[in-house]
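Have a look at the structure below, then the notes.
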Amino acid sequence: MNLIGNAREYQAAASESPLADIVEHLLAADMVQFHQEVERALAPQKPYMTEVERSMFVGGKKIRPVVMLLAARLVGGDDPLPDKVYKGAASLEMLHVATLIHDDIVDEAPLRRGLPSVAAERGTKTALLVGDLHFVQALRGFAESVDTERDMTLVRMVLDTAFDICRGELDELDRSLPDTSAERVARYYQTIDRKTAVLFRLACQAGIELAGGRTRDARRGGFFGRALGRAFQIMDDILDLLEDESSAGKHAGTDLELGRLSLPLAYGMDSLGPSHPVSQTLRGEATLTGHALATALDDLRECGAIDRAYAEARREMLEALFYLKPFAPSHYRDALESLTLFIVDRSLKK
Amino acid sequence: MTAIIDFLAKLAATNSASSLVNTLPKTFPLTVSGPYPLAKHVDIPGSQVGGELLLSLQQLCVAPIAVQSIEPDADRGRVTITLNAATLAGHYEIFGLETPAITLDTGGLMAPLSALASQGKDADPDSQITDKQYDQLQQAEDQRTRLNQTANGRETLSQYDQYSDDYTDAFNSSPTLRGLWAQDDMTLQMADHTSDAVKSGTDVINPTDLLFGTGATTPKLTYNENALSQKLNLWTACAFGGKPDAAHAVTSFTLEVTKNTGNSQTKTVSMTREQVYTSVQSASNASKAATGNEVSLLTASLKRALDGSHTQADMALFSSHGYDLDDTTLARMRAIRDDALRRNDPKVRLLLWRGDFSVDLAASRYVFALTGQPDGAVTVKAAGNTLCVPPLGLDDSTWNTEAGRIARERIDSAQFIRGILEDRIAAQLTRHLRGIADGRP
């Protein structure tokens, strides 16, 4: 495993997309082990899985396991990582896939990453149970990673994370709208912290703990992960309004169509006023589709809501960099920095 | 299909008042873009504290807007419009919002960040810290492991973990709280002493005959005096910073310590390492439950003290719990309270650099999908474009200092900001086409 060689290759290719680069160069050997662990973890579920579930583990950017492996190497350096790091990364990905399967049930989404969703392909009942299977197997995987007394704290953290994810999914179903702007924004952050940021936080904290890092480094890594996760989700919500990915089964404005509160929509309510169709839709008094939806999206562009939300995404990015900086300089720290910057600096697809 | 054909004909007709060529405005003005944060904190000339660095783009306008070609495709329900090359012009400002820097490692060690100096690439993580810090961190891990071995110990850690995010946020939000934590190296010296006492096993952790701090800006204090003074500070930051549960936990823990060990701000019962562990393990549920109501009473009294509306009964309550709320302590708590209450106040805006800019936009193609509706209307949906806003070419010749370097770096890489501008420009054309489809002039 020539990690030093991979690190040099990474440096040369660093100006391109960081995630692909990291996976193909800096963490090439780690990703091989990660995928082997995923196969091992999926083995007990194989009789219940079809191609559509398997494709969820093959596809996707794997950003969460990548972040976990990079976090592990923040403290582990170039030395071989303990097996439990890869087990933890596999469990993390399984937890993430479980939430995607459940999300697609709740959203009644026919497609996921351009392919049929599990719910669309196999029906809601089976999708629900397959998601549960992945969820529980992920928790089992983390429990199996525990081999020291210290790791027990991690088990509690994983369970807390799983609990928060469930709460976040329920939060998202709650369409009651708080009265004030501050309450709406607080509700949004509570939801994204539980739904998204918590997994990134776990990725970083667990990565460092399982690699033998100290509690304080793990805590700091966790704060980095939380800020990264928040930036990631806010950008996702902004892109929902701006990007149209027909091939992926998503058109611009899905959140607004579903009446789902996001940060740009919360700011849109502030700017456009209570009688605007955006506000009416979020209060559940109207539904926006087609031409009316397109007009509403234009109004959101013009009123500055997207700018305000993007400014907050950038703030979370800067917060993440603040927590990253005290770690020792390394190619792994550089990679996490590049990834963090890329999340908010990427170009808009048209 | 007929509706689409009619729409395309209207669009392309050169002698019609409602054609695209005749109705398209000559300029596309854009709303203010930003402000976009560029750095969490930089030094700002003219400011003693520095602040956040931001970029704002204003008075944006694309001109001249002119149609180069219209390519209808009724069969596929599409039209492609090419606009001539144009110029995006505007005004930029790079400014700071004054806010003190966070110089403590609030997410981790609570030590000064300057102590974690970078030492070049691929450095050993442990080269970030001194040998003393290494020993102390290892010691802290060992003590954590030991606490995890008993139910009470686990609960103590769990309580800390439950609110540690709130405590971190409290430190991040309050410059006064951070300043008091670091003041005169008092807490640092206490940490060193605690580490030595834990290591020895027999030395007293909280001696009365040792004072901590350099005395440079504030009188030295005993172990208990500083420890509990810091707790009052943290309580204040949480209580007024929207974290009542975390504040409750601080007070609750303080009261439990007093009940179980007799230690308070005004009274010291010397304890060694083993005596501390014994007290943790032997703390009863009864003693924990008893503090619930007491916390509420104490919280109310503390808030009255900060308002200056406290009574003799309040002072008696403080005294009975070993709190020493002298004028200095109250002044500090009020300063922390004020930090919390002013947290969302507008910050002082400091302009660093400003100027006009313009960039050339190449001719660009915009594809629209058209759908005929049953009522004869046509809906227009943007289906992609080739518009590319190049790097803005802001004049950075006067952007000196570290702030300038960061601004340059962050603006150069901010593709998404240019993407937002592209989206806004394209949206103007889309909106115009929809207007034509709707029969608006």
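Chain naming here is simple, since letters A, B, ... match the order of the sequence lines and numbering starts at 1 in each.
- For B/Arg418, no part lies near chain A; criterion is any non-hydrogen pair under 4.5 Å.
- Looking at B/Leu30, neither its backbone nor its side chain comes within 4.5 Å of chain A, counting heavy atoms on both sides.
- Shown here are the side chain to side chain contact (heavy atoms under 4.5 Å, CB included) partners of A/Leu159, two or more places apart in sequence or in another chain: A/Leu139, A/Val155.
- Considering only heavy atoms from C-beta on, A/Arg315 stays 4.5 Å or farther from B/Lys40 through its side chain.
- If you measure heavy-atom distances from B/Ser413 to chain A, the contacts under 4.5 Å come from both the backbone and the side chain.
- Only the backbone of B/Val32 comes within contact range of chain A, with heavy atoms under 4.5 Å apart.
- Residue contact with chain B, scored on non-hydrogen atoms closer than 4.5 Å, involves the side chain of A/Met235 exclusively.
- Ranking A/Leu318, A/Leu348, A/Leu341 against chain B, the residue ahead of the rest is A/Leu318, based on heavy-atom pairs under 4.5 Å.
- Note: A/Arg314 leads A/Arg156, A/Met157, A/Arg314 in heavy-atom pairs under 4.5 Å with chain B.
- Among A/Met317, A/Arg308, A/Arg201, the residue making the largest number of heavy-atom pairs under 4.5 Å with chain B is A/Arg201.
- Residue-environment remark: CZ (B/Arg365) stays at or below the threshold of 12 foreign heavy atoms within 6.0 Å.
- Atom CG of residue B/Asp105 and atom OH of residue A/Tyr323 lie 9.0 Å apart, to the nearest 0.5 angstrom.
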Going through the distances and angles, do A/Arg214 and B/Gln138 end up as a side-chain contact (heavy atoms from CB on, under 4.5 Å)?
CA-CA 8 Å; A/Arg214 294 189 194 89; B/Gln138 286 303 116; 3.0 Å; yes

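- Each of B/Ser164, B/Ala140, B/Pro35 has some count of heavy-atom pairs under 4.5 Å with chain A, and the biggest count is that of B/Ser164.
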Step by step, work out the salt bridge (Lys or Arg N to Asp or Glu O under 4.0 Å) result for B/Glu141 and A/Arg216.
CA-CA 9 Å; B/Glu141 291 294 336; A/Arg216 287 176 200 251; over 6 Å; no

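- Heavy atoms closer than 4.5 Å to chain B are found nowhere in A/Leu241, neither backbone nor side chain.
- Looking at B/Glu422, the atoms closer than 4.5 Å to chain A (heavy atoms on both sides) all sit in the side chain, from C-beta outward.
- Contact annotation for A/Leu297: neither backbone nor side-chain heavy atoms come within less than 4.5 Å of a heavy atom of chain B.
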side-chain contact (heavy atoms from CB on, under 4.5 Å), that's the test. Do A/Val344 and B/Phe416 meet it? Break it down for me.
CA-CA 7 Å; A/Val344 300; B/Phe416 197 79; over 6 Å; no

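- Two residues are said to be in side-chain contact when any heavy atoms from C-beta on lie closer than 4.5 Å; A/His291 and B/Asp438 meet this criterion.
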Would B/Asp165 and A/Arg226 count as a salt bridge (Lys or Arg N to Asp or Glu O under 4.0 Å) here? Give the steps.
CA-CA 11 Å; B/Asp165 279 10; A/Arg226 185 181 73 171; 3.3 Å; yes

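- For chain A, no part of B/Asn344 is nearby; none of its heavy atoms comes within less than 4.5 Å.
- With sequence neighbours excluded, the residues forming a side chain to side chain contact (heavy atoms under 4.5 Å, CB included) with B/Ala39 are B/Val42, B/Leu53, B/Ile406, B/Arg410, listed by chain and number.
- Contacts between B/Thr168 and chain A at a heavy-atom distance below 4.5 Å involve the side chain alone, from C-beta outward.
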Given side-chain contact (heavy atoms from CB on, under 4.5 Å), test B/Asp169 with A/Phe223 step by step and report yes or no.
CA-CA 11 Å; B/Asp169 188 51; A/Phe223 283 118; over 6 Å; no

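- A side-chain contact (heavy atoms from CB on, under 4.5 Å) with A/Arg301 is found for exactly one of B/Thr31, B/Ile420, B/Asp423, namely B/Asp423.
- In this structure, A/Asp345 contributes its side chain and B/Gln415 its backbone to no donor-acceptor pair below 3.5 Å.
- Contact annotation for B/Leu157: neither backbone nor side-chain heavy atoms come within less than 4.5 Å of a heavy atom of chain A.
- Ring planes of B/Tyr36 and A/Tyr310: perpendicular class, angle over 60° (limits at 30 and 60°).
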Begin from the C-alpha positions of B/Arg424 and A/Asp307 and carry the test salt bridge (Lys or Arg N to Asp or Glu O under 4.0 Å) through to its verdict.
CA-CA 11 Å; B/Arg424 284 228 188 101; A/Asp307 271 352; 2.8 Å; yes

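- Side-chain N/O atoms of A/Arg220 and B/Thr106 include no donor and acceptor closer than 3.5 Å.
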